[in-house]
Number of protein chains: 2
Amino acid sequence: MLSAIMEDYLKAIYYLQDETDERVRTSTLAEHMGVEQPSVTSMMKKLAERDLVHHEPYKGVELTDTGIPIALEIIRHHRLLERYLTDHLEYDWAEVHDEADRLEHHISNQFADRIAEQLGDPAVDPHGDPIPTAELDISAPKCGETLADHQVGDSVRIERVPDEDADLLRYLSEHGIHPGTEVEIVEVTSFGMVTLDLDGGDEPVALPEKVARSISAQSLSEDTS
Amino acid sequence: MLSAIMEDYLKAIYYLQDETDERVRTSTLAEHMGVEQPSVTSMMKKLAERDLVHHEPYKGVELTDTGIPIALEIIRHHRLLERYLTDHLEYDWAEVHDEADRLEHHISNQFADRIAEQLGDPAVDPHGDPIPTAELDISAPKCGETLADHQVGDSVRIERVPDEDADLLRYLSEHGIHPGTEVEIVEVTSFGMVTLDLDGGDEPVALPEKVARSISAQSLSEDTS
DNA sequence: GAACGAAATTAGACGAGACTAAGTTTATAG
DNA sequence: CTATAAACTTAGTCTCGTCTAATTTCGTTC
């Protein structure tokens with residue numbers, strides 16, 4: 001059996017690995033977990049002993065084939081919980097992350113399967129991230145352009161927004177931006193500000209470029225049905 | 001903040017205190033928690049330091065006025081979860097205890113309040129135990145006779161069954177015994193066997209006297225409406 | 001190719017919560 | 001009133017996951 005903390009490390013490694021496609025560095029993991037580097041090193045040794053990660057000293061870690069499904073299981077729990085909290089328990093978009101982060105380690109697979117069933121086996125969570133199936137298949141590994149990749153004048157549909165920053169989520173929510181929202185990019189400044197026009201018709205919404213780069217968005221070109 | 005383990009101790013003390021109305025002994029608590037006695041003593045010191053229990057060395061512990069509401073909060077979480085798992089997630093009667101025992105420490109009060117709302121603020125859990133309100137009032141402190149307190153020929157309604165023993169619950173469930181079931185006591189043997197006749201009309205159900213004493217049941221006399 | 005700085009690891013300690021072994025206290029029997 | 005058994009506490013150790021301080025390795029720059 002794995003502790004909740006070990007599970008958290010595996011989840012973090014999965015995310016970071018997904019982002020960069022390289023071995024995950026000790027320092028990156030330490031920052032992401034909010035601990036000091038030696039704590040990471042010692043945990044990596046324990047996980048490596050159980051054959052959940054491959055640890056190349058001084059070079060970083062990556063999940064093994066044993067570790068990946070465990071990470072995916074936790075991610076499935078997390079995203080199903082987020083969906084359930086918003087859809088069935090009237091949670092606000094910005095509130096779900098912390099609750100799901102705690103509960104993901106403590107619900108059984110039976111619990112996860114039951115809420116998946118009630119939700120009709122949803123494909124994505126409220127932030128647009130794909131939910132692994134019960135067999136731990138995960139779609140749309142990582143594809144896609146971000147808001148920052150488009151030009152002024154482009155019309156795009158928001159696909160995914162990051163789920164960690166509650167303040168950002170509240171801001172986006174207040175301005176009507178969710179996965180599925182269609183927006184037009186009306187301005188990109190040299191000092192890193194991206195301005196959007198909502199389809200709905202409110203006043204434009206400005207975002208720092210760093211934020212724009214964390215939001216996935218797909219072109220609304222006519223050929224893609 | 002309290003650890004999940006500290007919460008478990010407080011809950012256990014509450015239950016045991018409720019049963020006997022005396023200070024709870026170290027040995028009783030050790031057995032209930034599945035640990036050795038010294039572990040209990042050292043935990044009692046920590047809880048006493050935080051003024052959650054009053055510990056009289058060699059004599060036992062009792063919850064303080066600070067400790068009681070914390071125990072009640074956890075019991076509220078537990079019983080609401082049991083109700084929710086059976087009513088909304090199709091859990092079997094016998095399956096809910098373990099899941100609730102883990103989750104009770106990790107759900108927020110917000111989560112508890114939301115599921116309470118969805119359930120219509122139920123008064124009792126699936127085993128008939130009262131659920132504390134959001135204000136932590138708990139009804140029906142402990143009253144009531146058990147199956148073993150009645151005579152042959154008496155007709156009674158089952159009120160509460162213990163929730164810890166999954167095998168017993170499965171057995172009772174298979175024989176149609178739930179809170180609310182009306183039964184007649186048809187035999188009490190000298191060697192400790194109690195036999196019941198179900199209102200429904202199936203064949204009689206036999207229980208050891210020890211079990212009968214753990215099941216609350218109220219007389220179906222005509223005067224109590 | 002040597003030296004330096006950043007990153008990682010090793011070494012050693014600590015708090016939580018458990019354990020075993022050893023010593024106290026309490027209660028009960030004679 | 002004393003002896004003794006049971007219950008309880010104290011003392012000391014262990015594992016887990018963290019920390020700080022000290023050391024080693026890597027990669028790059030001159």
Side-chain angles (χ1 to χ4, degrees), chain A residues 1-14 16-17 19-63 67 70-71 74 101-102 104-106, chain B residues 1-14 16-17 19-63 67 70-71 74 101-102 104-106:
Chain A
M1 259 316 83
L2 289 155
S3 68
I5 289 175
M6 286 174 165
E7 291 183 354
D8 262 337
Y9 274 95
L10 293 177
K11 184 178 70 159
I13 295 168
Y14 184 94
L16 296 170
Q17 196 167 277
E19 274 174 21
T20 65
D21 279 333
E22 286 175 359
R23 277 182 293 215
V24 180
R25 320 272 347 218
T26 303
S27 52
T28 317
L29 207 37
E31 191 188 5
H32 197 270
M33 294 293 296
V35 299
E36 298 300 319
Q37 290 188 6
S39 310
V40 174
T41 303
S42 83
M43 181 56 81
M44 290 312 102
K45 284 186 169 176
K46 281 177 210 160
L47 295 178
E49 251 173 40
R50 300 188 186 216
D51 199 36
L52 298 168
V53 303
H54 180 66
H55 183 205
E56 186 94 36
Y58 295 99
K59 297 293 177 52
V61 289
E62 57 190 356
L63 292 176
I70 297 178
I74 301 158
D101 244 11
R102 266 179 292 114
E104 62 188 4
H105 306 292
H106 303 288
Chain B
M1 260 317 85
L2 289 155
S3 68
I5 289 175
M6 285 175 165
E7 289 183 355
D8 262 337
Y9 275 96
L10 294 177
K11 185 178 69 157
I13 296 168
Y14 185 93
L16 296 170
Q17 195 167 276
E19 274 174 22
T20 66
D21 278 335
E22 286 176 358
R23 279 182 293 214
V24 179
R25 319 264 2 207
T26 303
S27 50
T28 317
L29 207 36
E31 189 188 5
H32 197 269
M33 295 292 296
V35 298
E36 298 300 318
Q37 290 188 6
S39 310
V40 174
T41 303
S42 84
M43 181 55 81
M44 289 313 103
K45 283 187 170 175
K46 281 179 209 155
L47 295 178
E49 251 173 38
R50 299 187 185 218
D51 200 36
L52 299 168
V53 302
H54 180 66
H55 183 204
E56 186 94 37
Y58 294 98
K59 297 294 179 51
V61 289
E62 56 191 357
L63 293 174
I70 297 177
I74 301 157
D101 243 11
R102 266 180 290 115
E104 62 187 3
H105 306 292
H106 304 289

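Here is how names work: the chains are called A, B, and so on, in the same order as the sequence lines, proteins then strands, and each is numbered from 1. None of these values were measured; they are calculated from a predicted model.
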Q: Check the distance between dG17(D)'s P and Glu49(A)'s CD and give it to me in whole angstrom.
A: 12 Å
Q) Taking OP1 and OP2 of dT10(D), is either one under 4.0 Å from a side-chain nitrogen or oxygen of Tyr58(B)? A) no
(Q) At 4.0 Å (heavy atoms only), tell me whether Met44(A) reaches a base, stays on the sugar-phosphate, or touches nothing. (A) nothing
Q.
Within the structure provided, determine whether Thr26(B) and Met44(B) are in side-chain contact (heavy-atom separation under 4.5 Å).
A. no
**Q.** Along DNA chain D (nearest heavy atom to each residue), the more 5'-positioned of Ala4(A) and Lys59(A)
**A.** Ala4(A)
**Q.** Interatomic distance where CE belongs to Met33(A) and C1' belongs to dC16(D) [whole Å]
**A.** 14 Å
Q. If you check every side-chain atom of Val35(A), which of dT9(C), dT18(D), dT20(D) has the closest atom?
A. dT18(D)
Q. After noting the C-alpha distance and the side-chain angles of Lys46(A) and Leu52(A), does the key distance pass the side chain to side chain contact (heavy atoms under 4.5 Å, CB included) rule?
A. CA-CA 9 Å; Lys46(A) 281 177 210 160; Leu52(A) 298 168; over 6 Å; no
Q: Would you classify Ser39(A) as touching base, sugar-phosphate or nothing, given that sugar-phosphate means primed atoms plus P, OP1 and OP2, and contacts are heavy atoms under 4.0 Å?
A: base
Q: Give a yes/no on whether any side-chain N or O of Arg25(B) is located under 4.0 angstrom from OP1 or OP2 of dA7(D).
A: no
Q) Does Ser27(B) put a side-chain nitrogen or oxygen below 4.0 Å from OP1 or OP2 of dC8(D)? A) yes
Q) In whole Å, what is the span from the CD atom of Gln37(B) to the C1' atom of dT9(D)? A) 9 Å
Q: Give a yes/no on whether any side-chain N or O of His55(B) is located under 4.0 angstrom from OP1 or OP2 of dT9(D).
A: yes
Q: Classify the nucleic acid contact of Thr41(B) as base, sugar-phosphate or nothing, counting any heavy atom under 4.0 Å across all strands shown.
A: base
Q: Grab the CG-P distance between Leu29(A) and dT9(C) for me, whole Å please.
A: 11 Å
Q: Examine dT9(D): is either OP1 or OP2 under 4.0 Å from a nitrogen or oxygen in the side chain of Ser42(B)? Give yes or no.
A: no
(Q) Using a heavy-atom cut-off of 4.0 Å across all strands, would you classify Ser3(A) as base, sugar-phosphate, or nothing? (A) sugar-phosphate
(Q) In this structure, how many angstroms lie between the C1' atom of dA18(C) and the OH atom of Tyr9(B), rounded? (A) 8 Å
Q) CD of Glu56(A) versus C1' of dT24(D): gap in Å, rounded? A) 16 Å
Q: Return the 5'-most residue of the pair Ile5(A), Pro57(A) with respect to DNA chain D, ranking by each residue's nearest nucleotide.
A: Ile5(A)
Q) Backbone N or O of Gln17(B) within a donor-acceptor pair of the Arg23(B) side chain at under 3.5 Å? A) no
Q: Determine whether more than 12 heavy atoms belonging to other residues, nucleotides or ligands lie under 6.0 Å from atom CD of Glu56(A).
A: yes
(Q) Can you tell me which residue among Leu16(B), Val53(B), Val40(B), Leu63(B) is in a side-chain contact (heavy atoms from CB on, under 4.5 Å) with Val24(B)? (A) Leu16(B)
Q.
Donor-acceptor pair, distance only, cut-off 3.5 Å: does the side chain of Arg50(A) make one with the backbone of Lys45(A)?
A. no
Q: Would you mind reading off the distance between Leu10(A) atom CG and dG17(D) atom P, rounded to a whole angstrom?
A: 12 Å
Q: Calculate the interatomic distance between Leu47(B) atom CG and dA16(C) atom P; express it in whole Å.
A: 12 Å
Q. Using a cut-off of less than 4.0 Å, is there contact between a side-chain N or O of Lys46(A) and OP1 or OP2 of dG17(D)?
A. yes
Q: Verify the contact: side-chain N or O of Lys45(B) to OP1 or OP2 of dT10(D), cut-off strictly under 4.0 Å; return yes or no.
A: yes
